[in-house]
Structure formats: C-alpha cells, structure tokens
Amino acid sequence: ITGTEPFAEFGAEVVEFLSRFELRLSDEHRIRLNFGAFKEGQAVHGQGPLAVDPVDTNQPYFLLDIDSFWEARSFEEYDADRILEISDDLHRPVRSLFETSITDRLRDQVLRKAP
C-alpha cells in the first residue's frame with residue numbers, strides 16, 4: 001500500500017485501508033459498498049463455496065464488495081411472489097453500482113481476460 005511514508009518514522013506498516021459507502025434507496029432498502037487496499041491475502045477463501053482461481057496470497061489486492069439488503073420495518077405473512085419481487089429489487093441496482101465503480105482498464109485487463 002503506497003502513500004504510507006509519513007508513518008515510517010514510527011515503524012508502522014499499513015496492512016489495510018478500508019472504506020465504506022452506503023446508499024439508502026428506500027426506508028427498507030440500502031446498498032453498502034466496501035472497498036479498500038490490503039497488503040496481502042484474498043477476499044474469497046479458495047476452498048469455500050465460491051469457485052475462484054488460485055492467487056498468490058502474499059501479494060496486495062483490492063477489495064470491492066457490494067451488499068444490497070432489505071431491513072423489514074414489520075413482518076408480513078410469507079408470500080413467495082413478494083420475496084421474489086424484493087430479491088429483484090435488491091439485485092437491480094448492484095450491476096450499475098459495480099460498473100460505475102470500475103474503470104475500462106480493469107474491464108479490459110482483468111474481467112475480459114481470456115482464461
């Protein structure tokens with residue numbers, strides 16, 4: 001992580017820089033964007049339920065994590081159609097926020113990279 005020179009005199013080493021941005025879309029719907037730089041590691045555990053390519057966990061990485069969530073103000077009777085509607089509402093703005101958060105360089109060099 002660069003830009004940590006002012007802390008060098010204390011023998012300090014920045015190991016992560018994490019920020020959060022939160023949007024309220026309605027009284028019940030919020031989106032939280034967590035982003036930051038980390039000295040080493042990975043955001044997704046390679047042996048977990050998400051399939052990811054192996055990475056060198058000794059290298060720095062940048063985290064971009066979007067959570068779209070619903071907080072009920074009251075409990076309604078179970079309604080599968082309503083749950084699907086809420087799920088669609090939660091998912092709808094995520095792609096737009098992701099696309100707004102990244103650069104064309106990231107799209108071309110990382111996301112569109114041939115396997």
Side-chain angles (χ1 to χ4, degrees):
I1 300 173
T2 61
T4 60
E5 293 80 14
F7 303 106
E9 69 179 280
F10 304 111
E13 176 184 27
V14 176
V15 293
E16 71 178 56
F17 178 86
L18 186 62
S19 295
R20 175 180 285 167
F21 177 74
E22 188 166 305
L23 298 167
R24 180 182 12 236
L25 277 71
S26 71
D27 286 342
E28 297 176 330
H29 184 187
R30 292 184 184 211
I31 294 180
R32 187 174 292 148
L33 172 65
N34 295 301
F35 58 96
F38 292 79
K39 183 179 178 192
E40 60 187 18
Q42 67 185 73
V44 179
H45 191 281
Q47 303 301 316
L50 298 176
V52 296
D53 292 335
V55 297
D56 181 353
T57 58
N58 295 314
Q59 295 296 313
Y61 74 96
F62 188 83
L63 171 76
L64 180 63
D65 175 51
I66 301 171
D67 299 313
S68 182
F69 58 97
W70 180 70
E71 296 178 315
R73 300 291 179 226
S74 63
F75 291 97
E76 303 172 17
E77 184 175 332
Y78 177 81
D79 179 349
D81 290 333
R82 178 67 180 132
I83 291 171
L84 291 172
E85 180 183 325
I86 291 169
S87 296
D88 287 342
D89 289 345
L90 292 174
H91 186 257
R92 191 171 293 112
V94 171
R95 169 63 72 178
S96 178
L97 181 56
F98 176 75
E99 291 296 334
T100 302
S101 301
I102 65 172
T103 64
D104 287 334
R105 181 177 172 204
L106 177 70
R107 281 184 196 88
D108 294 339
Q109 293 181 359
V110 177
L111 302 178
R112 293 183 182 142
K113 188 171 75 172

Looking at [atom1] of [X] and [atom2] of [Y], how far apart are the two atoms once the value is rounded to the nearest 0.5 Å?
| X | Y | atom1 | atom2 | answer |
| --- | --- | --- | --- | --- |
| L33 | S101 | CG | OG | 5.0 Å |
| R105 | L111 | CZ | CG | 13.0 Å |
| T100 | R95 | OG1 | CZ | 11.0 Å |
| H91 | I86 | NE2 | CD1 | 15.5 Å |
| L97 | E99 | CG | CD | 10.0 Å |
| E40 | D56 | CD | CG | 9.5 Å |

Contact summary for [X] and [Y], nearest pair of heavy atoms:
| X | Y | result |
| --- | --- | --- |
| F38 | L63 | CE1-CB, 3.7 Å |
| R24 | R30 | NH1-NH2, 2.9 Å |
| D67 | F69 | O-CD2, 3.8 Å |

With clusters defined by side-chain heavy atoms of hydrophobic residues (ILVMFWY) lying less than 4.5 Å apart, directly or transitively, does [Y] cluster with [X]?
| X | Y | answer |
| --- | --- | --- |
| V55 | L106 | no |
| L90 | I83 | no |
| W70 | L23 | no |

Looking at R32 and D65, would you say the former's side chain and the latter's main chain have a donor-acceptor pair under 3.5 Å? no

Can a donor-acceptor pair be found between the side chains of H29 and S68 at a distance below 3.5 Å? yes

Does atom CG (D27) have a neighbourhood of more than 12 heavy atoms from anything else shown, all under 6.0 Å? no

